[in-house]
Protein chains: 2
Amino acid sequence: MAKTPGTPKFRREPPVARREALIEATLVCLRRFGHEGMSVRQISAQAGVSAGLINHHFPSITTLVAAAYDSLATSLLHSIRRQAHDVSKTPRERLRRFFEASFAPDLLDPGLFNTWLVFWSMVSHDAEMRAVHDRTYGAYRATLESLLGQLRLDDDIPAFKLRPAAIGLSALMDGLWIEASMNSRTFKPAAAVSLCEDWTNALCAGAFPGLRAGGRASALQRPKPPQKTQSES
Amino acid sequence: MAKTPGTPKFRREPPVARREALIEATLVCLRRFGHEGMSVRQISAQAGVSAGLINHHFPSITTLVAAAYDSLATSLLHSIRRQAHDVSKTPRERLRRFFEASFAPDLLDPGLFNTWLVFWSMVSHDAEMRAVHDRTYGAYRATLESLLGQLRLDDDIPAFKLRPAAIGLSALMDGLWIEASMNSRTFKPAAAVSLCEDWTNALCAGAFPGLRAGGRASALQRPKPPQKTQSES
DNA sequence: CGCCTTGTAATACAACCGTTCAACAAGGAA
DNA sequence: TTCCTTGTTGAACGGTTGTATTACAAGGCG
């Protein structure tokens with residue numbers, strides 16, 4: 001008698017489901033409020049749970065943010081790659097679709113940019129964030145290298161160095177994405193795609209001497225070996 | 001008698017000098033501690049004054065940060081432009097020096113990158129920061145347009161659209177600067193200069209159809225006017 | 001039905017935040 | 001030397017932060 005449990009005050013969830021929900025809430029808060037959204041109370045409110053629950057599933061707030069970084073970066077790369085992957089198309093067409101997916105409206109959302117800024121600002125201060133960054137950025141550049149490598153097989157394209165080419169292309173894309181995210185009136189998304197395609201076509205036309213393979217224009221080589229200080233063409 | 005003023009407890013400064021000192025202290029804190037350095041107490045401690053003094057010279061902390069943004073952006077642009085300006089050199093050589101100055105060690109400091117991230121993260125939330133960003137970024141791109149314009153006069157270079165070209169080049173430079181700032185082991189500064197020079201040379205060789213003037217490939221035109229679809233230059 | 005594990009809530013805590021304000025003193029002016 | 005302007009201090013305020021800890025209750029198991 002008088003038990004009247006009515007509606008339970010909370011629902012128990014399996015740890016993995018709750019963790020994913022917290023990660024999702026973190027992404028929502030970062031997108032909406034930027035750096036100020038990275039707070040235990042904001043995130044827990046967004047997830048509809050108490051503040052203390054976060055420290056029960058994650059040792060600290062930065063670990064949760066690192067998990068959110070990993071989740072978002074992986075998700076975005078997979079999404080873009082899925083849209084670009086079409087075996088019935090030519091490598092050049094696949095690359096074009098990769099560009100178009102990268103500058104689609106949902107990727108140019110200012111909220112997404114603010115989220116990314118929070119991640120970047122933590123990379124140099126937090127070891128976990130640095131690890132996630134190195135891994136996800138490596139995967140991103142590897143995808144670019146793969147697409148450029150397929151391109152290189154076709155036609156009579158002069159050989160170019162894959163890794164430096166991917167670095168240059170990803171830099172161009174990043175710079176365009178940033179400016180478009182900060183001020184959408186500077187240029188239209190189609191302009192960014194056009195600039196990327198032009199860059200790729202120029203690469204295939206051999207217009208970038210510093211990227212030609214086999215040559216001595218090796219300023220772009222991996223910095224790892226002992227640096228023989230040779231001329232850069 | 002018994003006055004013994006000894007060392008005065010503080011020194012009065014003219015308002016402009018004190019404001020400049022506070023701006024300098026702000027830049028030091030942002031460089032060192034990133035987003036956590038943007039605090040009244042940290043900045044005032046760095047400047048060697050009390051916390052309350054900041055609100056006496058600036059209506060709020062964000063106004064101080066906006067002033068610091070303006071100061072740093074203007075200072076850096078002037079410095080780079082000074083190194084590139086040499087009337088005895090060819091336009092192409094001036095552009096090369098602009099690249100080299102942009103990827104010099106003091107510009108690739110991770111602390112500078114963290115400072116910039118703080119500024120960027122505030123642009124979408126604060127009107128003052130947005131105003132500073134639009135103004136300084138406009139000045140930066142105008143410098144790039146000027147250098148590219150001088151280049152265009154020489155030789156028999158096919159005409160290209162100045163503004164979209166400056167947008168593309170600044171995007172490439174920004175992307176390279178960001179990656180170099182986040183992970184200095186990815187590539188050497190000379191590689192960034194090489195990629196920028198290659199891009200410029202390809203532009204002058206007419207390798208970028210989307211940037212050619214007069215063509216109908218006008219995806220890069222200004223979005224502002226009522227779109228008469230005419231070519232610029 | 002009752003126990004027991006454990007996911008969850010709620011509170012407490014010390015430290016920090018930006019801003020306000022009254023009191024002080026530095027240093028030029030008269 | 002005295003006064004007065006005003007740059008400057010330092011405490012106070014209400015708010016926030018991340019984390020630790022305690023008490024609770026949901027829901028499976030015996």
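Letters A, B, ... are given to chains in the order of the sequence lines, protein chains preceding strands, and every chain is numbered from 1.
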Exercise: do A/S170 and A/Y137 side chains pair donor with acceptor under 3.5 Å: yes
Nucleotide-resolved protein contact map, nucleotides 4-20 of chain D, B/S/- at heavy-atom distance under 4.0 Å: --BBBBB-B----BBB-
Residues which pass salt bridge (Lys or Arg N to Asp or Glu O under 4.0 Å) with A/R135, listed by chain and number, not counting sequence neighbours: A/D70
Side chain to side chain donor-acceptor pair (under 3.5 Å) pairs, two or more places apart, involving residues 116-126 of chain B: A/N114-B/S124
Partner set under side-chain hydrogen bond (donor to acceptor under 3.5 Å, both in side chains) for A/Y140, not counting sequence neighbours: none
Separation of C/dG18 P from B/L22 CG (nearest whole Å): 14 Å
Within residues 116-131 of chain A, residues whose heavy atoms come under 4.0 Å of DNA chain C: none
Summary of side chain to side chain donor-acceptor pair (under 3.5 Å) pairs that have at least one residue in residues 22-31 of chain A, sequence neighbours excluded: A/R31-A/D109
Pairs involving residues 8-23 of chain B, ordered by first then second residue, that meet salt bridge (Lys or Arg N to Asp or Glu O under 4.0 Å) (sequence neighbours left out): B/R11-B/E13
Pairwise salt bridge (Lys or Arg N to Asp or Glu O under 4.0 Å) hits with a residue in residues 166-178 of chain B, at least two apart: none
B/R94: side chain to side chain contact (heavy atoms under 4.5 Å, CB included) partners, not counting sequence neighbours: B/K89, B/P91, B/L147, B/Q150
Taking only nitrogen or oxygen atoms into account, show me every contact under 3.5 Å that the protein makes with nucleotides 28-30 of chain D, one pair per line with its distance.
none

Interatomic distance, A/F58 CZ vs C/dT8 C1' [rounded to whole Å]: 15 Å
Listed once per pair and sorted, the salt bridge (Lys or Arg N to Asp or Glu O under 4.0 Å) pairs that draw on residues 110-121 of chain B, sequence neighbours left out: none
Salt bridge (Lys or Arg N to Asp or Glu O under 4.0 Å) involving B/E100 - partner list, sequence neighbours excluded: B/R96
Value in whole Å for how far the P atom of C/dC16 lies from CZ of B/F33: 13 Å
